[in-house]
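Nothing here was measured: the structure is a model prediction, and the numbers come from that model.
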Amino acid sequence: MSSLKDSIEKAELALRLGNIVEAADRLGCLPDCGGIPDPEEKGRALSVRGALRYHQGRIPEAVADLREAEALLQAVCGERCVPRATAAMYLGRALVAQGDLEPGRSLGLLAMQIFEETLPEEDPPIAESCFLLSQAAYQLGDLDSAEFLTRRAMAIWEKLQGRECLGVSTCLNNLGRICEERGMLQAGIDLHRQALAIRRTLLGDHEETAFSLGNLGPALASDGQWP
């Protein structure tokens with residue numbers, strides 16, 4: 001196996017397991033994606049870079065990388081391949097993040113179908129796809145679907161990584177927001193507290209911990225718990 005291919009595969013694995021820093025380190029050892037001659041390796045490298053840019057909040061750059069990656073991988077590997085589905089899933093997440101809900105949801109459904117055809121029932125990409133679809137459903141006002149998909153994603157992440165992982169904490173945050181939307185304020189507060197506890201344990205003082213505090217505070221205020 002070439003060192004380039006090995007580095008790409010290690011970056012993909014780190015990303016799949018939620019190790020964003022390691023994936024970035026692995027990708028940083030590669031040449032610029034535009035200089036990779038093999039189209040499949042270029043597509044997979046672009047897919048990882050686009051996913052990392054999504055996680056960094058660089059959404060327009062992520063969309064550009066992931067569009068190119070998906071087109072390359074579909075042409076080289078076929079419509080139903082896992083690398084293409086991975087690029088499509090992250091492209092869907094980036095589109096949802098910038099408000100393009102229907103195109104993002106369509107890509108999420110496509111990715112989910114491919115993953116369910118080719119991967120074990122409880123696999124990280126399936127959880128990622130569920131989470132993408134839950135976000136789109138929430139923004140479209142379909143709270144029942146959003147809750148179902150969020151709970152499915154959370155169950156997979158909890159089984160694979162344990163209760164104290166970032167995926168579970170993010171799902172708890174989102175379930176808390178769903179409870180708030182339904183007027184179930186105390187249930188929402190309890191979920192935000194659980195998410196906050198996980199992030200404090202894993203991350204300490206960090207922007208993701210701050211995000212959970214930012215969810216908990218307004219929920220407490222809505223319930224009249226001003227102190």
Side-chain angles (χ1 to χ4, degrees), residues 10-29 48-63 65-66 89-90 93-99 124-125 127-132 134-136 138-139 146-147 149-182 184-227:
K10 287 178 178 177
E12 288 173 332
L13 178 60
L15 186 66
R16 178 177 172 144
L17 296 176
N19 299 327
I20 306 303
V21 173
E22 182 183 346
D25 288 343
R26 296 286 186 186
L27 194 66
C29 297
V48 175
R49 190 174 75 177
L52 290 170
R53 286 176 167 175
Y54 164 79
H55 283 297
Q56 294 163 351
R58 299 161 62 182
I59 303 303
E61 294 169 279
V63 168
D65 277 351
L66 292 162
M89 183 268 293
Y90 268 107
R93 290 186 73 170
L95 290 173
V96 168
Q98 68 180 17
E128 293 276 2
S129 295
C130 286
F131 187 74
L132 156 60
S134 74
Q135 289 179 307
Y138 177 81
Q139 292 188 52
E147 180 178 0
L149 290 160
T150 303
R151 289 192 182 280
R152 185 179 176 195
M154 185 169 70
I156 295 172
W157 277 321
E158 186 170 1
K159 182 169 183 178
L160 293 174
Q161 301 179 32
R163 181 72 171 178
E164 292 195 347
C165 73
L166 289 179
V168 168
S169 73
T170 303
C171 289
L172 289 167
N173 267 329
N174 289 5
L175 289 170
R177 295 295 301 274
I178 291 169
C179 285
E180 289 180 74
E181 293 276 353
R182 289 174 165 160
M184 301 162 59
L185 294 179
Q186 191 54 55
I189 289 166
D190 290 344
L191 289 162
H192 290 315
R193 288 194 191 282
Q194 292 175 50
L196 177 60
I198 292 171
R199 290 183 171 183
R200 276 182 166 154
T201 298
L202 292 177
L203 303 171
D205 290 335
H206 186 276
E207 62 184 23
E208 292 294 337
T209 307
F211 183 82
S212 290
L213 285 164
N215 278 330
L216 177 58
L220 289 166
S222 297
D223 199 41
Q225 300 184 46
W226 293 106

Determine whether Asp190 and Gln194 satisfy the following criterion, side chain to side chain donor-acceptor pair (under 3.5 Å), listing intermediate values before the conclusion. CA-CA 6 Å; Asp190 290 344; Gln194 292 175 50; over 6 Å; no
Apply the test side chain to side chain contact (heavy atoms under 4.5 Å, CB included) to residues Lys10 and Val48: give CA-CA distance (whole Å), side-chain angles for both, the deciding distance (0.1 Å), then the verdict. CA-CA 10 Å; Lys10 287 178 178 177; Val48 175; over 6 Å; no
Between Leu132 and Ser129, is the side chain to side chain contact (heavy atoms under 4.5 Å, CB included) condition met? List the steps. CA-CA 5 Å; Leu132 156 60; Ser129 295; 5.6 Å; no
Step by step, would you call Cys179 with Leu185 a side chain to side chain contact (heavy atoms under 4.5 Å, CB included)? CA-CA 6 Å; Cys179 285; Leu185 294 179; over 6 Å; no
Does Met154 form a side chain to side chain contact (heavy atoms under 4.5 Å, CB included) with Phe131? I'd like the steps, not just the answer. CA-CA 8 Å; Met154 185 169 70; Phe131 187 74; over 6 Å; no
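Listed here is the closest heavy atom pair of Ile59 and Ala94: CG2-O, 3.4 Å. What you find for Trp157 and Cys171 is that their closest heavy atoms are CZ3-SG, 3.6 Å. Closest non-hydrogen pair, Leu52 versus Ala24, comes out as CD1-CA, 3.7 Å. Of all heavy-atom pairs between Ala127 and Ala153, the closest is O-CB, 3.4 Å. Taking each heavy atom of Leu15 and Ala51 in turn, the nearest pair found is CD2-CB, 3.4 Å.
Remark: Leu166 CG to Thr170 OG1 distance equals 6.0 Å, nearest 0.5 Å. Within the model, atoms NE2 of His192 and CG of Asn174 stand 9.0 Å from one another, a figure rounded to the nearest 0.5 Å. Distance check: Thr209 OG1 to Leu203 CG gives 5.0 Å after rounding to the nearest 0.5 Å.
Taking 4.0 Å as the cut-off between side-chain N and carboxylate O, Arg151 and Glu147 count as a salt-bridged pair.
In this structure His55 satisfies the ring-ring contact (aromatic ring centres under 6.0 Å, His included) test together with Tyr90, sequence neighbours excluded.
For residues 159-169, the set of pairs meeting the salt bridge (charged side-chain N to carboxylate O under 4.0 Å, His left out) definition, not counting sequence neighbours, comprises Glu122-Lys159, Glu158-Arg163.
Ser169 places no side-chain N or O within donor-acceptor distance of the main-chain N or O of Arg199, the cut-off being under 3.5 Å.
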